[in-house]
Amino acid sequence: MICIQTGIVSSRAKNQLSTPACFEAFPNARITLDCTEVWIEIPKSMSDQNLTYSSYKGRNTFKGLVGVAPNGSITYLSSLYPGSVSDKEIVKHSKVLQQMEPGDMVLADKGFLIHDLMPAGVSLNIPPFLYRPQFTKQQVLQTREIARARIHVERAIQRLKSFKILNLIPNHLRPFASMVFQVCGALTLLQRPIIAEVSDTLGATTSESFDSVQ
């Protein structure tokens with residue numbers, strides 16, 4: 001399968017032009033990362049079946065890395081990888097972290113154990129692990145803040161996968177699966193912003209621009 005990465009991650013300065021309130025605790029946030037899996041028709045080759053079998057989903061899948069800006073827009077999509085590939089390996093191979101700059105922050109789920117992949121000066125913010133009978137008050141607050149921010153990558157993925165062509169990739173479309181995945185991601189950018197606060201801000205900006213022309 002040919003792997004082609006797509007997407008130039010928006011800069012921190014650009015993100016700050018439309019940062020919603022849920023990211024106030026993370027002013028340096030550059031991108032939120034998560035992986036999603038797309039069901040595929042069972043390959044005819046036994047080796048391909050083994051390679052694409054996802055133990056997490058219990059079936060054959062392709063897996064892709066999704067990067068979302070603080071305003072909820074998808075700004076990065078990797079190519080699709082066999083379902084057996086780990087999230088960490090996808091992050092490493094996709095080279096998305098090479099776009100990060102010192103001072104940037106990356107948000108991710110606690111399953112993304114990618115601390116050793118982070119470039120110098122770039123921080124990783126994931127929910128804390130529970131090593132005691134219960135979280136401390138500070139950890140509870142931290143988890144809540146991260147959850148408020150991270151939920152938008154899940155909403156973006158939900159919007160991406162609302163395209164019916166991603167319900168099941170048939171064998172004859174497997175060579176084009178990454179392209180289909182990335183085109184669907186691009187089409188989500190033509191829809192209204194996921195976060196109402198961002199949509200209202202853009203609407204006000206558009207109205208002001210229109211009024212200035214009158």
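A quick note: this is a predicted structure, and the numbers were derived from the prediction, not measured.
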Does any donor atom in the side chain of K63 or T36 lie under 3.5 Å from an acceptor atom in the other side chain?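 The answer is no; no qualifying pair exists.
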Are side-chain N/O atoms of S47 and S45 paired as donor and acceptor at under 3.5 Å?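 Indeed, the side chains of S47 and S45 share at least one donor-acceptor pair under 3.5 Å.
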Please round to the nearest 0.5 Å and tell me the distance separating atom [atom1] of [X] and atom [atom2] of [Y].
X	Y	atom1	atom2	value
T32	I151	OG1	CD1	12.0 Å
R155	I194	CZ	CD1	5.5 Å
E101	D104	CD	CG	6.0 Å
I42	T52	CD1	OG1	8.5 Å

Strictly distance-based, threshold 3.5 Å: is any side-chain N or O of [X] a donor or acceptor partner for the main-chain N or O of [Y]?
X	Y	value
R59	Y53	no
N60	Q49	yes
T188	L160	no

If you count every heavy atom of other residues, nucleotides or ligands that lies below 6.0 Å from Q158 atom CD, does the total exceed 12?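 At most 12 heavy atoms, drawn from other residues, nucleotides or ligands, come within 6.0 Å of this atom.
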Hey, quick one: are Y76 and V122 part of the same hydrophobic cluster, counting side-chain heavy atoms closer than 4.5 Å, chains of contacts allowed?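 In one cluster: yes.
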Between D116 and K88, is there a side-chain N and carboxylate O pair less than 4.0 Å apart?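 Looking at K88 together with D116, the answer is yes, because their closest N to O distance falls below 4.0 Å.
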